[in-house]
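Right, one structure below, let's go through it.
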2 protein chains.
Amino acid sequence: MARKPRQARSRATVNAIVEAAFIAVARHGPAAATTRQIADIAGIGVGSLYEYFSNKEAIFAAMSERFVSDTVAMLQPRVPELVRKNIRDAVLDMLVLFREFLQENDELYLKCARHAFAMDFEEYLDPVHRLLLDIVTQHMMRHPETARVRNIPAMTYIYINGGIFSVVRHLSEQNPPVTFEELSRGLADMVGHYVDQELLLTQQ
Amino acid sequence: MARKPRQARSRATVNAIVEAAFIAVARHGPAAATTRQIADIAGIGVGSLYEYFSNKEAIFAAMSERFVSDTVAMLQPRVPELVRKNIRDAVLDMLVLFREFLQENDELYLKCARHAFAMDFEEYLDPVHRLLLDIVTQHMMRHPETARVRNIPAMTYIYINGGIFSVVRHLSEQNPPVTFEELSRGLADMVGHYVDQELLLTQQ
DNA sequence: ATGCTTGTTCGGATTCAATTCGGAACTCAC
DNA sequence: GTGAGTTCCGAATTGAATCCGAACAAGCAT
């Protein structure tokens with residue numbers, strides 16, 4: 001972002017640019033989305049893009065940030081409910097929520113997420129990582145018996161990276177080799193079985 | 001590939017182009033790697049690129065294919081040895097092999113794999129998927145007790161997508177939140193615990 | 001209201017990379 | 001050694017990203 005928006009008008013412009021970029025990328029992919037398209041969709045001149053973004057990559061970065069913060073905002077209010085459930089159901093619920101989120105607005109987010117990794121998306125995953133760790137922590141406080149589970153940071157790391165990637169890839173595939181139900185059940189059991197086995201192995 | 005190479009000379013050119021592309025991408029990333037750079041590194045004229053590749057994306061596609069087939073070639077000879085081991089050791093071995101493979105040649109492959117997803121890399125993963133399924137099948141034949149494990153296709157899908165992504169991302173991070181040992185142990189236990197728990201749940 | 005300053009928008013001009021094209025250089029079978 | 005098929009080249013074309021200076025709007029003091 002080259003300049004900070006002061007007036008309400010310009011803040012609206014910045015917003016319009018990011019939203020236009022989502023539409024353009026969903027339509028043509030990040031490589032084929034041109035600055036002219038983005039400007040046209042946003043209803044502004046090309047030059048205006050550069051008032052707030054130093055280049056096209058900066059727009060993509062803003063999209064990644066927006067996507068991540070929207071994801072967190074979508075999940076956050078469900079946290080109290082999630083941490084009350086058993087682990088498998090909590091995971092299944094999160095996956096369904098995530099799928100619905102991706103498919104909102106005619107799959108706008110999914111169509112972008114498919115190419116997310118072309119936009120250094122991973123750089124901005126940190127808030128999601130923190131949220132997941134927070135959920136795990138709260139869950140453990142409510143289910144104290146799970147405190148014996150080992151290697152939690154690594155498992156969370158694997159789960160967030162691997163889980164998001166698997167789901168996005170799965171939803172993007174024309175004919176995936178497994179159904180979404182099998183996939184989500186697999187992810188839920190992957191977590192659930194791990195915890196169960198850990199409890200078994202560490203019992204006194 | 002716009003045209004099929006007939007003479008030995010041109011096959012060498014195609015090869016030089018793909019190798020030059022790896023170097024250019026490792027150096028500058030896929031977006032900033034120009035056709036001129038690739039041509040210069042390959043020691044040919046820009047025009048020649050288009051004799052064999054219809055555009056830059058086609059070169060990236062060839063890189064992905066090469067990377068995947070090299071990965072398979074690297075793993076294939078170790079399969080007999082891998083299927084003899086217990087699951088956790090087999091996974092750990094594969095991860096170490098994969099890491100060493102990525103770090104060969106001054107991390108040439110890792111530096112490209114980091115951006116792999118900008119090049120529609122996933123499209124070409126199929127051979128790896130087949131190899132993994134093959135390893136699983138062979139492993140099950142040698143350890144018949146594991147035949148009771150359910151949902152194997154989905155678990156393989158998750159494991160290959162999630163596992164590759166987690167490892168590449170981890171190796172690319174400047175200061176990762178977990179060590180490679182924790183990560184690989186996590187992945188090994190994720191598989192191992194899953195199998196153990198399945199055996200427990202399905203025993204008569 | 002009026003003039004002044006600062007913030008905002010615009011779109012043509014510039015720059016730079018991808019791709020094309022027409023011909024030169026090479027290879028090989030005869 | 002010839003020529004038909006193949007391979008290579010790099011200047012010219014094309015089109016997108018980015019820059020820039022003029023025009024326009026908002027806020028503010030008088």
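Note on naming: letters A, B, ... go to the chains in the order of the sequence lines (proteins, then strands), and numbering restarts at 1 for each one.
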For residues 188-196 of chain B, tabulate all N or O donor-acceptor pairs below 3.5 Å that involve a side-chain atom, not counting sequence neighbours.
| unit_1 | atom_1 | unit_2 | atom_2 | d |
| --- | --- | --- | --- | --- |
| D189(B) | OD1 | R88(B) | NE | 3.0 |
| D189(B) | OD2 | R185(B) | NH1 | 3.0 |
| H193(B) | ND1 | R88(B) | NH2 | 2.8 |
| H193(B) | ND1 | D189(B) | O | 3.4 |
| H193(B) | NE2 | E198(A) | OE2 | 2.7 |
| Y194(B) | OH | R150(B) | O | 2.9 |
| D196(B) | OD2 | R88(B) | NH1 | 3.4 |
| D196(B) | OD2 | R88(B) | NH2 | 3.0 |

Tell me if the CE atom of M74(B) is crowded by more than 12 foreign heavy atoms within 6.0 Å. yes

Any sub-3.5 Å donor-acceptor pair from H170(A)'s side-chain atoms to S184(A)'s backbone N or O?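 Not confirmed, H170(A) side chain does not pair with S184(A) backbone.
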
Can you check whether [X] has a side-chain N or O nearer than 4.0 Å to OP1 or OP2 of [N]?
{"X": "S48(A)", "N": "dC10(C)", "answer": "yes"}
{"X": "Y50(B)", "N": "dT19(C)", "answer": "yes"}
{"X": "T13(A)", "N": "dT9(C)", "answer": "yes"}

Between D93(A) and K85(A), does a salt bridge (Lys or Arg N to Asp or Glu O under 4.0 Å) hold up when you go through it step by step? CA-CA 10 Å; D93(A) 278 12; K85(A) 306 205 174 201; 2.6 Å; yes

Centroid separation under 6.0 Å, is that true for the rings of F67(B) and F60(B)?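 Centroid distance F60(B)-F67(B): not below 6.0 Å, so no.
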
Scan residues 17-46 of chain A against DNA chain C and write down, sorted by residue number, each residue with any heavy atom closer than 4.0 Å; if none is found, say none. I44(A), G45(A), V46(A)

Rounded to whole Å, please give me the gap between [atom1] in [X] and [atom2] in [N].
{"X": "K56(A)", "N": "dC16(C)", "atom1": "NZ", "atom2": "C1'", "result": "14 Å"}
{"X": "R11(B)", "N": "dT6(D)", "atom1": "CZ", "atom2": "P", "result": "13 Å"}
{"X": "F53(B)", "N": "dT19(C)", "atom1": "CZ", "atom2": "C1'", "result": "15 Å"}
{"X": "Y52(B)", "N": "dA18(C)", "atom1": "OH", "atom2": "P", "result": "20 Å"}
{"X": "L49(A)", "N": "dT8(C)", "atom1": "CG", "atom2": "C1'", "result": "13 Å"}

With sequence neighbours excluded, give me every side-chain hydrogen bond (donor to acceptor under 3.5 Å, both in side chains) pair touching [range].
{"range": "residues 115-125 of chain B", "result": "none"}
{"range": "residues 29-39 of chain A", "result": "none"}
{"range": "residues 100-110 of chain B", "result": "D70(B)-Y109(B)"}

In plain terms, say whether R130(B) and D134(B) are close enough for a salt bridge, that is, a side-chain N and a carboxylate O under 4.0 Å apart. no

Show the distances under 3.5 angstrom between N or O atoms of the protein and N or O atoms of nucleotides 21-23 of chain D.
none

